Amino acid sequence: MAEPLAKGYEPADVEKRWLDHWASHQTFTPDVNKAVEHPGENYSIVIPPPNVTGALHMGHALNITLQDIMCRYMRQHGKTVLWVPGTDHAGIATQNVVERALLAEGRGREDLGREAFVRRVWEWKEDYGGRILNQIRRLGASVDWTRERFTMDEGLSRAVREVFVTLYEDGLIYRGKYVVNWCTRCHTALADDEVEYVPAKSVLYHLRYPLEDGSGHLTVATVRPETILGDAAVAVHPEDGRYRHAVGKHVILPIVGRRLPVIADAYVDREFGTGCLKITPAHDMNDWELGRRHGLEVISVIDDQGRMNDAAPRIYQGMTVDECRTRIVEDLRDLGVLEAEEPYENKVSQCYRCKTTIEPFVSEQWFVSVKPLAGLARAAVEEERTTIWPAQWNKTYFNWLDNIRDWCISRQLWWGHRIPVWTCGECGEVLVTREDPTACSCGCTRLMQDEDVLDTWFSSALWPFSTMGWPDRTTELKAFYPTSLLVTGFDILFFWVARMMMMGMKFMDDVPFRDVYIHALVRDEHGKKMSKSTGNVIDPLEMIDRYGCDALRFTLTSFAAMGRDIKLSEARIEGYRHFINKIWNAARFVLMHVDGTEPEFDPAALKALHHRWILHRLEMLKKEHAVQIEGYRFNEAAQGLYSFVWREFCDWYLELVKPELYGEDQEARAAARSCLVRVLSEIMIVAHPIIPFVTQEIWSSIPALDTESLALRPYPKARPCCEDEEAVRDMEFLQGVIVAVRNIRAELGIAPGVPLNVMIRAAGTEGHFLRAHETEIMALARVGFLTVDAELAPPKGSASAVVRGCELFVPLEGVVDFASELARLDKELGKLGKELDFVEKKLANESFMSRAPEDVVAKEKAKAAEFAEKKAGLERLRARLEEFMNAK
């Protein structure tokens, strides 16, 4: 026997109970054998693995909610669904966390040594690494928790080793000196897409480099004067007539005195600065490439700590970059070669983890030659083997792949996948092997493994197939690869999505996913990016504690319009908590009237208009909802559900069915109960993917239903016999009449308890229809007496409306006290006029407008618009009342 619903919905208790139930029953663990036997009926997603150091934020909440909607929806449609959970080891972030903990103890990682430090990180991971997965559980994620993976677990480590060795054997991994993005805080190289660019206010320094032959000088412009110590040349554009005479000559580098060749290269932007470009191959990515083209010397003057090294003049050695910049500008000024200084706005590169300014740095690193792999990834989207939603991201994806540089995959860390390369201490042979070698071919056992680890994104690039057991050819791979969908943010389109495409095409000879849905960014209510520094962060866990998980999920889904950022506020979440309560209260009303003894549902037996109408609308909801979900139009799906439940089911159908439920006609009552149970149960199924907890709890209380398996219930089948356009037209007419009476009542301020006399001039089928539905009109419009007559004469002093050609009149005599109502309106208009005048004067004050913050001015403008609109409405109402009074 189903349990009755409590008076109020308490989400915390409900959520915990069903989370425990789903976990203990392994509700979301798929039958892999069935999946192998029916490959066309499978659906799979791999969760974008959050960092093991992370905590749930709104971006995660949106991402998980959308994935969960798709997985639950596909189960409803008979798919065998695999949703793989897991976390990323997050090399830089995790090492930083543990190093900070050591620092608090007065120690560093060097004090422990590599092995002990790595053990310490594993201990930290065991203690704290599951935090974000537990938080994801609270969102109701229907993942298969029996298949939880970690990017450094044994199986994934084996996959990483296999990929590295294969790429090396194919000539796609190599080691070489190169200028890389170097974080002096994390003390490691970073890939290009691990660098963030932030606006900065800098100074553009114009420096004179004298020509060696004494014929003049060239003026270069730079924002980094400290790097002139590593200059190797000055470049000009070959077609720049201003400097053609200098090409082939030499200039003398100020302070250092080194001879620098003047070279010509089309890379130089003639419009930037002076059109002369200093070339410092060791400390600029573009200069590195230009230097290689021209065979220039590579002179590193900044070390891996971000300090000036021994290659710099002695007076600058040991200084930080900033200290050297200050000092060298003074020295250049003293030498008389600092020609000008001008403010300059540019973008400064920062480490995406610790926000330290990046230093281009020459070091020996491991690289992946990605051009061949990028071609595979590009073709996959061009050929529509993978579809990116929304399509606007195709251009960005293609542009990145077309301009891709080799991927620096080595990191100077201790936490991560150690690079599987050994060097023989005797003969120097390099060994790259799938298993740890014990000896070199020369017989020497003194083998030294490379100290570096692999970039975190290297292992996560294998996630779609490594999580399913590759390199073994597992049943999971056979059944579920390629995966069906990847839901992710635009910010890792390059970090992760493109690299998964490369690795999937290379090692599985197929795309890793059929669809990629790029979700929006969740911003605050004013459209600003959420950040702790600005104090506008909305914590999803706090919102769940306060309003329940379903309210948060429904809010995010309602605003998840494709290609449009979400403006989120707590007030919106609170608003949708009211919607969850509305569903709960509607269910309680239905369950008060049903007990499992209802007759079998038979649409043909439901003759009353409101039954035919709600069943038609339910069919439309089911159709439209399915199309919207499958087209990733999540906001439309949520809003359509909201409109149906609140406006059609609750506001209209439940009110229209009450006379039958409370009436004496047992046959009508039984029919109503049967229809109520069917509509409520199908609403629960359709709504379940978006709001799983409240729907499951209600479902378990509906008599005579399978009370435990809503998550596995099939989507309601279509019933073409219930599609009834005539019922829709008739219902629109009935609603139009009722709404017209309600509007008159509201416009004239007539209290809800005051019964109205309503007269409708209608003939023929309209008149017959209105008389047949007199009971509904009188009940829902609170009408005391209804007259329907084709020859009706409109009474004087009546409010009127027209509905489908029928004239509706409400006599106002005895209902409205015109004199007192006019006096009330005059008083209210006087008060409102003063308030509007005060605000308008403030907005006309130039001093206020120039000094007040933008948000304050915006509030005053909004207030003025609100007062003006309200004043206009009251004036229209006053004019109507005068008209009615004069017509008496």
Side-chain angles (χ1 to χ4, degrees), residues 199-237 240 242-247 249-265 267-284 286-287 290-291 296-297 299-303 306-349 357-360:
K201 291 184 177 180
S202 303
V203 177
L204 191 63
Y205 299 95
H206 293 248
L207 310 176
R208 291 178 179 173
Y209 286 30
L211 286 160
E212 183 185 36
D213 62 6
S215 60
H217 63 267
L218 298 181
T219 300
V220 303
T222 180
V223 294
R224 299 202 64 195
E226 70 279 3
T227 63
I228 72 168
L229 306 176
D231 282 0
V234 171
V236 298
H237 195 282
D240 193 335
R242 293 173 297 173
Y243 305 116
R244 193 172 292 122
H245 68 282
V247 175
K249 294 183 178 182
H250 288 78
V251 292
I252 304 301
L253 181 61
I255 295 179
V256 179
R258 189 165 55 245
R259 296 172 72 245
L260 306 181
V262 180
I263 62 175
D265 196 289
Y267 167 77
V268 178
D269 181 359
R270 285 176 281 185
E271 303 303 318
F272 173 77
T274 64
C276 296
L277 183 68
K278 61 188 276 316
I279 307 300
T280 316
H283 298 291
D284 184 274
N286 296 314
D287 288 7
L290 200 149
L296 301 177
E297 184 181 3
I299 306 166
S300 296
V301 294
I302 302 172
D303 66 16
R307 292 183 176 273
M308 308 309 291
N309 62 19
D310 293 347
R314 184 179 298 276
I315 57 172
Y316 306 118
Q317 291 175 15
M319 289 183 178
T320 66
V321 166
D322 289 340
E323 290 169 345
C324 183
R325 181 176 303 172
T326 300
R327 177 63 185 275
I328 208 167
V329 167
E330 292 174 357
D331 293 346
L332 291 167
R333 189 180 289 115
D334 291 342
L335 286 172
V337 296
L338 180 56
E339 189 174 281
E341 301 172 56
E342 60 177 295
Y344 183 70
E345 293 187 3
N346 63 336
K347 290 188 176 181
V348 175
S349 56
T357 300
I358 291 297
E359 283 294 338

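In this chain, numbering begins with 1 at the start of the sequence shown. All figures in this text were calculated on a predicted structure; none of them were measured in a lab.
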With rounding to the nearest 0.5 angstrom, report the NZ to CG distance, Lys278 to Asp284.
8.0 Å

Drop me the distance from Asp265's CG to Leu290's CG, to the nearest 0.5 angstrom.
4.0 Å

Of the non-hydrogen atoms in Tyr316 and Arg327, which two are nearest, and what is the gap between them?
CE2-CG, 3.6 Å

Classify the side-chain pair Asp213/Ser215 by whether it contains a donor and acceptor separated by less than 3.5 Å.
yes

Check whether any side-chain heavy atom of Asn309 lies under 4.5 Å from a side-chain heavy atom of Val301, and answer yes or no.
yes

For residues Arg224 and Val321, determine if any side-chain heavy atom of one lies less than 4.5 Å from a side-chain heavy atom of the other.
yes

Quick check: closest heavy atoms across Val268 and His237, and the distance to 0.1 Å?
O-CD2, 3.3 Å

Are Leu332 and Tyr205 close enough that some pair of their side-chain heavy atoms sits under 4.5 Å apart?
no

Tell me if a side-chain donor or acceptor on Glu342 pairs with a main-chain N or O of Leu204 at a distance below 3.5 Å.
no

To the nearest 0.5 angstrom, please state how far the CD1 atom of Ile279 sits from the CG atom of Asn286.
9.0 Å

Are side-chain heavy atoms of Val251 and His217 found at a separation under 4.5 Å?
no

Side-chain heavy-atom pair Glu339, Leu207 within 4.5 angstrom cut-off:
no

First locate atom CG of Leu218, then atom OG1 of Thr274, and finally report the distance between them rounded to the nearest 0.5 Å.
8.0 Å

Those residues at least two apart in sequence (or on a different chain) that pass salt bridge (Lys or Arg N to Asp or Glu O under 4.0 Å) with Glu341 are Arg333

Just one of Leu260, Thr280, Val256, Leu253 clears the side chain to side chain contact (heavy atoms under 4.5 Å, CB included) bar with Ile228, so which one?
Leu253

Side-chain (Arg307) to main-chain (Gly318) donor-acceptor, under 3.5 angstrom:
yes

Show the nearest heavy-atom pair for residues Pro281 and Gly230, with the distance to one decimal.
CD-O, 4.3 Å

Test your reading of the model: is there a side-chain donor-acceptor pair from Gln317 to the backbone of Ala312, 3.5 Å cut-off?
yes

Expected output: side-chain His206 to main-chain Thr219 donor-acceptor under 3.5 Å
no

Distance check, rounded to the nearest 0.5 Å: Leu211 atom CG versus His245 atom NE2?
6.0 Å

dist Leu335:CG -> Glu330:CD (nearest 0.5 Å) comes out at 12.0 Å

Does Tyr243 reach the side chain of Val262, with side-chain heavy atoms less than 4.5 Å apart?
no

Heavy-atom closest contact (Ala311 atom, Ser300 atom, distance)
CB-O, 3.2 Å

Using every non-hydrogen atom in the two residues, find where Val329 and Leu338 come nearest and quote the distance to one decimal.
CG1-CD2, 4.0 Å

Heavy-atom pair with the smallest gap, counting every atom of Val223 and Tyr344
CG1-CD2, 3.6 Å

